[in-house]
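Here is the structure we will look at.
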Amino acid sequence: MNGERRRAIFERFRAANPAPRTELVYRTPFQLLVAVILSAQATDKSVNKATARLFADAPTPAAMLALGLDGLSRYISAIGLYNTKARNILETCRILIERHRGAVPHDRAALERLPGVGRKTANVVLNTAFGEPVIAVDTHIFRVANRTGLAVGPTPRAVEDKLTKLVPAEYRLNAHHWLILHGRYVCKARKPECPNCIIRDLCEFRDKTPAGDP
DNA sequence: AACTCGGGGCA
DNA sequence: TGCCCAGAGTT
């Protein structure tokens with residue numbers, strides 16, 4: 001896919017949704033970090049339901065740490081992998097307090113050192129909390145990039161590296177949210193809604209049937 | 001790169 | 001019931 005076509009795709013997204021935002025509910029960088037840790041292999045809906053109560057009662061690292069393992073687990077027990085996530089989040093709180101003055105570090109290496117935080121979560125925080133033009137490639141974006149032909153690659157990291165180079169600078173800050181919401185609601189894994197797609201005429205996948213689908 | 005982890009939700 | 005879901009960690 002050439003640069004002109006890529007630009008056309010992002011211009012289409014920009015026109016349809018100028019200021020996209022994550023659907024995860026949070027009020028601070030710390031809460032965003034926790035919400036994204038919880039969202040691994042879980043639906044955003046179940047995460048939002050749990051974090052609404054959790055963030056109201058324990059909005060800071062210190063308050064969350066004070067909940068203890070059993071306390072925190074009760075808030076997030078409706079989320080998959082909650083046992084592991086609860087331990088990771090408490091340890092993350094401890095590290096934030098002891099090594100980062102209770103703040104979320106604006107630093108990729110420091111973020112990825114936190115338990116439960118990998119490249120995808122770190123990139124979401126860098127993009128959404130700190131305004132850096134990085135793209136966090138999750139399953140949605142991986143699928144959309146490969147289907148459309150925007151950035152074809154065998155691994156999320158390969159797709160991320162291509163997108164970082166290929167996405168025009170003026171779109172890079174918002175590209176993450178455009179792509180993830182497009183994957184969530186239109187370019188869905190099972191039944192993509194090509195007839196409702198705003199980049200239908202620019203897509204290399206258009207109207208194909210996903211492998212494994214009737 | 002492939003495998004494991006591990007739990008709710010929805011068809 | 002079986003398979004998916006805003007991944008991370010280990011081998």
Side-chain angles (χ1 to χ4, degrees), chain A residues 13 17 20-26 29-55 69-70 72-93 95 104 108-130 132 134-147 150-161 163 173-193 209-214:
Chain A
F13 281 135
N17 192 2
R21 295 199 61 79
T22 174
E23 297 202 329
L24 296 175
V25 176
Y26 67 96
F30 168 69
Q31 293 174 9
L32 172 65
L33 174 62
V34 172
V36 179
I37 290 175
L38 289 173
S39 70
Q41 294 302 97
T43 59
D44 53 338
K45 203 174 297 182
S46 69
V47 171
N48 283 338
K49 193 184 296 183
T51 54
R53 292 178 51 245
L54 174 62
F55 293 161
L69 185 57
D70 290 342
L72 177 55
S73 294
R74 271 192 285 278
Y75 283 93
I76 65 175
S77 61
I79 299 176
L81 311 178
Y82 70 89
N83 207 337
T84 307
K85 288 171 182 175
R87 296 175 194 280
N88 285 340
I89 288 168
L90 290 179
E91 180 61 17
T92 287
C93 290
I95 294 173
V104 176
R108 170 186 301 288
L111 285 168
E112 290 191 11
R113 242 176 267 131
L114 300 171
V117 178
R119 183 161 188 98
K120 182 263 178 179
T121 299
N123 278 1
V124 172
V125 172
L126 290 172
N127 174 296
T128 305
F130 295 118
E132 293 202 12
V134 300
I135 296 174
V137 176
D138 68 338
T139 55
H140 287 317
I141 295 183
F142 183 73
R143 179 180 67 253
V144 171
N146 272 296
R147 274 185 186 171
L150 266 174
V152 178
T155 65
R157 182 59 191 274
V159 170
E160 180 194 326
D161 289 343
L163 283 174
L173 186 59
N174 289 328
H176 168 70
H177 295 300
W178 284 328
L179 292 173
I180 200 166
L181 293 177
H182 187 66
R184 173 86 165 80
Y185 294 108
V186 182
C187 195
K188 298 182 288 191
R190 294 303 190 67
K191 297 179 179 178
E193 299 188 4
T209 303
D213 239 30

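Fair warning: this is a prediction, and the values are worked out from it, not measured in the lab.
Among the protein residues, Thr155(A) comes within range of the sugar-phosphate backbone only, with heavy atoms under 4.0 Å from sugar or phosphate atoms but none that close to a base. As judged by a 4.0 angstrom heavy-atom cut-off over every strand, Ala42(A) is placed among the base-contacting residues. Among the atoms of the strands shown, none is found under 4.0 Å from any heavy atom of Leu38(A). In this structure, Pro115(A) reaches the sugar-phosphate backbone alone: every heavy-atom distance under 4.0 Å involves primed, P, OP1 or OP2 atoms, never a base. Heavy atoms of Val47(A) sit nowhere under 4.0 angstrom from any nucleic acid atom. Among the atoms of the strands shown, only primed sugar atoms or phosphate atoms (P, OP1, OP2) are found under 4.0 Å from some heavy atom of Gly118(A).
With respect to Arg108(A) and Glu112(A), a salt bridge is recorded, a charged nitrogen being found less than 4.0 Å from a carboxylate O. A salt bridge links Asp161(A) to Arg157(A): at least one charged side-chain nitrogen sits closer than 4.0 Å to a carboxylate oxygen.
Thr22(A) and His176(A) form no side-chain donor-acceptor contact under 3.5 Å, judged by distance and modelled atom types alone. Side-chain contact annotation: Glu160(A) with Asn123(A), donor-acceptor N/O pair under 3.5 Å present.
Between Ser77(A) and dG8(B) there is no side-chain N or O to OP1 or OP2 distance below 4.0 Å. Between Ser39(A) and dG7(C), a side-chain N or O to OP1/OP2 separation shorter than 4.0 Å is absent. Put simply, Arg190(A) has a side-chain N or O that comes within less than 4.0 Å of OP1 or OP2 on dC4(C).
Counting to the nearest Å, the C1' atom of dC5(C) and the CG atom of Asn48(A) are 14 Å from each other. Summarising the geometry, the separation between CG on Leu24(A) and C1' on dC5(C) is reported as 13 Å, rounded to the nearest angstrom. Atom pair Lys188(A):NZ and dC5(C):P shows a separation of 11 Å (rounding to whole Å applied). Ile37(A) places its CD1 atom 14 Å from the C1' atom of dG9(C), with the value rounded to the nearest Å. For the pair Leu114(A) CG and dG9(C) C1', the interatomic distance rounds to 14 Å; values are reported in whole Å. In this structure, Lys191(A) atom NZ and dC3(C) atom P are separated by 16 Å, rounded to whole Å. Going from atom CG of Leu81(A) over to atom P of dC5(B) covers 12 Å, rounded to whole Å. Rounded to whole Å, atom P of dC5(C) lies 14 Å from atom OH of Tyr185(A).
Of the residues Leu173(A), Leu163(A), Asn127(A), Val125(A), the one that meets the side-chain contact (heavy atoms from CB on, under 4.5 Å) test with Val134(A) is Asn127(A).
Side-chain proximity of Thr139(A) to dC5(C), dG6(B), dG7(C): nearest is dG7(C). Ranking dA8(C), dG7(B), dC5(C) by closeness to the Thr43(A) side chain, first place goes to dC5(C). When the nucleotides dA8(C), dG7(B), dC5(C) are ranked by their closest atom to the side chain of Thr121(A), dA8(C) comes out on top.
Comparing the P positions of dG8(B) and dG9(C) gives a spacing of 22 Å, expressed to the nearest Å. For the P atoms, the distance linking dC3(B) with dC4(C) amounts to 16 Å, nearest Å.
In this structure, Lys45(A) and Gln41(A) both approach DNA chain B, and ranking their closest nucleotides by distance from the 5' end singles out Gln41(A). Checking Glu112(A) against Arg21(A), the closest nucleotide of DNA chain C that is more toward the 5' end is the one next to Arg21(A).
Between Phe13(A) and His182(A), the angle of the ring planes goes over 60°, which puts this pair in the perpendicular group of the 30/60° scheme.
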